[in-house]
Amino acid sequence: MADTVQGRSGSERPAARDKEGIRGGAGVALIHDSATKHVTGEAVYTDDIREPARLVEVHIALAERARARVVKLDLEPVRRAKGVVAVVAAGDVPGINDISPTGTGDDPVFAAGEVVYHGQPLFAVAAGTVHEARRAARLAVVGYEDLAPTLSIEAALESQSFVWPEGRMQRGDLEAARGRATGRISGAMTIGGQDHFYLEGQVAMAVPGEDGDMLVHSSTQHPSEVQHMVGKVLGLPDHAVTIEVRRMGGAFGGKETQANLFACVAALVANATGRPAKVRADRDDDMVMTGKRHDFLARYDVAYRDDGRIEAVEMELAARAGCSADLSGAIIDRALFHADNAYFYPAVKLTAHACRTNTVSNTAFRGFGGPQGMVAGERVIEEVAFATGLDPLEVRKRNLYGEAPRDLTPYHMEVTDNVAPELVAQLERDGRYWERRDEIRAFNARHPYFRRGLALTPVKFGISFTLTAYNQAGALLHVYKDGSVMLNHGGTEMGQGLYVKVAQVVADELQVDVGRVRITATTTAKVPNTSATAASSGSDLNGMAAQAAARTIKERLIRFAAESHQAEPNEVEWLPGRVRVKGDEIGFNELVSQAYTARVQLSATGFYKTPDIHWDRATGRGRPFYYFCYGAALAEVTVDTLTGEYRVDRADILHDVGRSLNPAIDRGQIEGGFVQGMGWLTTEELWWDDQGRLKTHAPSTYKIPAASDRPRVLEIAFFENENREPTVHRSKAVGEPPLMLGIAVLHALSDAVASVADHRVCPRLDPPATPERVLMAIERLRETK
Amino acid sequence: MRHTLRFLLGHDLVELGEVDPTQTVLEWLRRDAHRWGTKEGCAEGDCGACSVVVVRPEGGRLRADAVNSCIQFVGTLDGAQLLTVEDLKGPDGRLHRVQQAMVDHHGSQCGFCTPGFVMALYAMDRRGEAVTYETAVDEIAGNLCRCTGYGPIVEAALAMRGTEGAGEHLSGREAEVMARLEALDDGQDLMVGKDGRTFHAPASLDALAMLYAGNPGAALVAGSTDVGLWVTKQDRPLDPVIWLGRVKELRRIEERTDAVVIGAGVSYTDAMAKLGEMYPEGGELIRRLASVQIRNTGTIGGNVANGSPIGDSPPFLIAADARVVLRYRGERREVAVEDFFISYGEQDRRPGELVEAIVLPRPKPTEHLACYKISKRFDQDISAVCGGFRVRVEKGVVKDARLAFGGMAGTPKRAKAAEAALVGRPWSEDAARDAAAAMEGDFRPLTDQRASAAYRMKVAQNLLVKFWYETHGEGGQIRLVGPRRVVHG
């Protein structure tokens, strides 16, 4: 048999939904719009933009204490050093020295007075080259008066030190439910954080203009917020600041708020010097000074029946928010929203804390707290399985959401689009779960020290920003006289294929080839007041906004065609590349040209807001999500019980993307998300020393998956489904949900570990399941034999 | 003595009279050559985004190696052809088949790592050897991608040979490039510099030995896979820099009846092939210890000379009872590898003395030798614990044992108590377990970001048990990765 990557053929949906006649409508598996530029090196990232004359390069100098008062900051030697053009610190901020995204006032650009984490920016040096700036920065004389830092979640809980009010959800009568149960278990687990490790580090280039204007090229998921922050630190209104981003070299949530710092420092230097300024963080500095996925401590208490049905769950989630609020409030909420994963809890009480610690302020990361809540929920399932002696898959199936009354979430939202039971059953069957379970049992009985493990875990992920206001988007569409189309919208391109998907929506709406639609850089000057490209919302929101803009122009053209033929608009047939009216066919270009001459407006904005969603944090009730995405993964591993090393042999994935806008892009999101989730739960370990210094701050010490870590067999299939809600072409979001498919790998490892004690003891394997964690869990279980 | 650095960028001759001795190839490309296609991902040789291909004449043909431009100094390009992602597209605008395969298989998402992958795959494609799943994932082990999960890239690697695309503009000019590079190889010592700091590339071993003896404070650079980071991460103003890359004597592998002598300038890639023939386990260890890009430039000589407490190759070398050849001016001496490491940061090497070669004894039939590298990730990861074990078993009894570890102490070190517990005993599981228990007296490992002390000790002990499992009975499929990996179904 030819050596192929298994599972990469046959599972893509056929391109049947391509409208006859146009190339690249909705549903077609187009390549990424920048693919050829990626492979030739012609794609321009922020650091590749042709540099303006007299550019200065900026280095940000970092604090070397976890918590201290800065009693001395002598920057004179820095200013005098070779090549230095300017030095800026907290006192040099003309506006407000704060870039907290939620207005909490606890995120200074530069530490002022007190340092609150090791690696916090203290000052910035601008020089002819970044090398000169870095060498000069070492000359600063910094005096610290050490204060006692809070370095762990436990310590923050102990001192009740939080950055945000606690989150709480409750439903049903816990005591009564516990009375119905036959068993009860409580436990705790820690869940590791994760560095984004976008390949393109944080970068911004600011170019000063006239009248104090500032143009910033920023690698950001959230241009409007960067615009506002730059305005705030410079003391300028938003209209004086323009933020532009053509593409990012990866982001994953790490450039939602974290790009603010770099853009603001670049703008501060440009403002102070009158010269263009570029800030590009060295990888190590980037990893030290920017926030990551929150690590969590989860305490759980589950009451269950002998048949594996859960009766009551009480859970307390504590997240390491770090030194400031950032987005932690919404992140702990999303953790709570997903602590049920796909399971119905008859009675439930969930609380979450955002713990203030003297470590970097944690931030958005693909899933936004949801994955951590889900991992805790899956631990609860696992505990019940070991307590009842049932196979974990049986326990999972028995607790999936179902018909009313088993359709109510802990936040009192009815799950009306549930496909988890069918989806899990299909994967169980197609993935031959039970046959493989038998094969593995036989292998494990045979081999002296290898153990194999298997697990199938579902995913249910809620789609919408839980802050309702963010669920809006705008687009701008121009049709030029020659019939070419320019598309702009508020979404940003970070590799996820948003630009091509939205262009496909527009091409489909106008019935023109997608190649006719020019995709342009996201800029605050074209579409204002945009939301972050986050929460998997990019194509849902911007696709709808762009579609609305296209519809507006299309309707004008239809009206024009009708009028010019003395017909009613409903007599105009809109066909691929042309219209037909009263037997007369007019090509799109000709129609546009005639419409221009007749003074028809060929430019339109489009706007979209997600309907029907609301959320009240105070009562813990609402419909925060427009819909849910579903998926499931079946993972198989082999563990060396002498070393704790392991290999993921195979994964089978079945995922619901609704009606795919672009199956090739969606497939890429699923595969990449799975591997990223697997990395989070296995080899990616963040390790701080007792001084609060992050010691895993480079790829030499922080290990994301490499090519050989990918399962040799990785089968991916789309679950046949369409969005029940009227989303753009009935598609579903795909950015975040697949990350949580990686949870299957953690549970497969746990299954292999459990085999050393004949599956009698829950291994309580906390992620990241490094070889060390795996071996230590094995040793622990061996002692129970 | 020549004072001009000369190399080809694509097919254009570049001559530089003024060269910062520690400017990296990546920085030169982006700042001076205005080639922005090559990206910086980490500036430490760990992500591969900056991968370029360096072509040199070797044995009458051109050899093309992917390397990390972020930690290579521009002076090391002397006499080479440098190819970057900009060189791949044909003059008619057609994509190279490697690029086309990446496009066809959706091998890019954000695209930032992509030029590096393209160049790594181009080097593979150019070598002409069979591409299988296993060789493809090894080839790109040093290229990190955070978006795709690698499947589409592996698929592109498997498909690239059968993909239509440009290529003639490169392959059709190889003879010309060969002639031009041979003409550049003038055998003269090179010295270039900038602002008073100098970069030297002596062309003979004698010239190197004299130069280094006269400049004992110089930074000796072979592959700069470690020294590169002194510059990119620590801003160290190295001066002078002496590069070993033009010293042909150091790049030799000499076959003796009882041993093989590996010159200090032999890359891991070249050493791996020879080692793999003699010691399959040593070859696999070299494959594991670094990515293709690092293996193409890094050397065993450098790995020994820089005295890392983990080392990775030293535990194997100690187990195999290898020796280091040291050279000071005209004088040579040999020291056992295990004795070369005195304490953390201190080696048995006087100022101005350089590591010239490693003498690796050939294996004997009664010996079992195995290497184990324990790390969070299989590929391109620094070990938590690295073990190199050799036992000589005669008539079922252990006659000799050498159990060497990296990551367990301040230097690579033998577990003498464990060895003593083995020698004279029948080679049995009990003996292995007793030796493992005795190891508690050998080491007091540290806890750090790679592993806890407890895990280091436990896994080091278990490795002895694993060694026993692997060396009695049938052997066979016993590892999770590599040639002896277990295959299910």
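What you see below is based on every heavy atom in this structure, not just the backbone, and it leaves out hydrogens, waters and symmetry mates. Protein chains get the first letters and strands the later ones, always in sequence-line order, with residue 1 at the start of each. This is a predicted model, so every value here is computed, not measured.
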Residue, of A/Q676, A/R134, A/K37, that accumulates the most heavy atom pairs under 4.5 Å with chain B: A/R134
Under 4.5 Å from any heavy atom of chain A, what part of B/Q234 do you find: side chain, backbone, both or neither? backbone
Which bit of A/A43 comes within less than 4.5 Å of chain B, counting heavy atoms only: side chain, backbone, both or neither? backbone
So does A/S700 get a backbone contact from the side chain of B/E44, meaning a donor-acceptor N/O pair under 3.5 Å? yes
Quick check on A/L739 against chain B: is it the side chain, the backbone, both or neither that has a heavy atom closer than 4.5 Å? neither
dist A/T643:OG1 -> B/N462:CG (nearest 0.5 Å) comes out at 8.0 Å
Tell me, for A/S34 versus chain B, whether the close heavy atoms (under 4.5 Å) come from the side chain, the backbone, both or neither. neither
Sequence neighbours excluded, which residues qualify as side chain to side chain donor-acceptor pair (under 3.5 Å) partners of B/R450? none
Determine the sole option in A/H32, A/Q669, A/E493, A/Q496 for which the side chain to side chain donor-acceptor pair (under 3.5 Å) test with B/Q109 is passed. A/Q669
From B/Y455 OH over to A/E779 CD, what is the distance, rounded to the nearest 0.5 angstrom? 10.5 Å
Would you call B/E155 and A/R667 a salt bridge, taking side-chain N to carboxylate O under 4.0 Å as the test? no
What distance separates A/I778 CD1 from B/K458 NZ, expressed to the nearest 0.5 Å? 11.0 Å
Under 3.5 Å, is there a donor-acceptor pair between the B/Q449 and A/E685 side chains? no
Salt-bridge test for B/D46 and A/R283: reply yes if a basic N is under 4.0 Å from a carboxylate O, no otherwise. no
Honestly, the part of A/F674 sitting under 4.5 Å from a heavy atom of chain B is neither
Kindly give the heavy-atom pair with the smallest separation between A/T701 and B/K376, and that separation in Å. O-NZ, 4.3 Å
By a 4.5 Å heavy-atom criterion (distance strictly below it), what part of A/V500 contacts chain B: side chain, backbone, both, or neither? neither
Between B/E134 and A/R712 (salt bridge meaning N to carboxylate O under 4.0 Å), is one present in this structure? yes
Heavy-atom contact with chain B under 4.5 Å, split by part of A/M776: side chain
Is it the side chain or the backbone of B/R456 that comes within 4.5 Å of chain A heavy atoms, both, or neither? neither
Is there a donor-acceptor pair closer than 3.5 Å between any side-chain N or O of B/R377 and the backbone N or O of A/T683? no
Would you call B/R479 and A/D640 a salt bridge, using N to O less than 4.0 angstrom? no
Which atoms of A/P711 come close to chain B, meaning under 4.5 Å heavy atom to heavy atom: side chain ones, backbone ones, both, or neither? backbone
Region of A/V39 that comes under 4.5 Å of a non-hydrogen atom in chain B: both
Structural part of A/E42 lying under 4.5 Å from a heavy atom of chain B: side chain
Hey, does the side chain of B/R30 reach the backbone of A/D47 with a donor-acceptor pair shorter than 3.5 angstrom? yes
Taken in chain and number order and not counting sequence neighbours, the residues that satisfy salt bridge (Lys or Arg N to Asp or Glu O under 4.0 Å) with B/D226 are none
Just give me the residue among B/S108, B/A159, B/P115 that pairs up with chain A most often, heavy atom to heavy atom, under 4.5 Å. B/S108
One should read off an interatomic distance between B/K39 NZ and A/D48 CG, to the nearest 0.5 angstrom, of 3.0 Å
A/F197 versus B/L144, closest heavy-atom pair with distance: CE2-CD1, 3.9 Å
Under 4.5 Å to a heavy atom of chain A? For B/E27 that would be side chain
Hey, which of B/L95, B/V85, B/V103 is the one that makes side-chain contact (heavy atoms from CB on, under 4.5 Å) with A/T40? B/L95
Atom group of A/R650 that falls short of 4.5 Å from chain B, counting heavy atoms: neither
When rounded to the nearest 0.5 Å, the distance separating OH of A/Y45 from CZ of B/F112 is 7.0 Å
Test A/E57 against B/R31 for salt bridge (Lys or Arg N to Asp or Glu O under 4.0 Å), laying out the working first. CA-CA 13 Å; A/E57 297 184 353; B/R31 278 189 195 274; 2.7 Å; yes
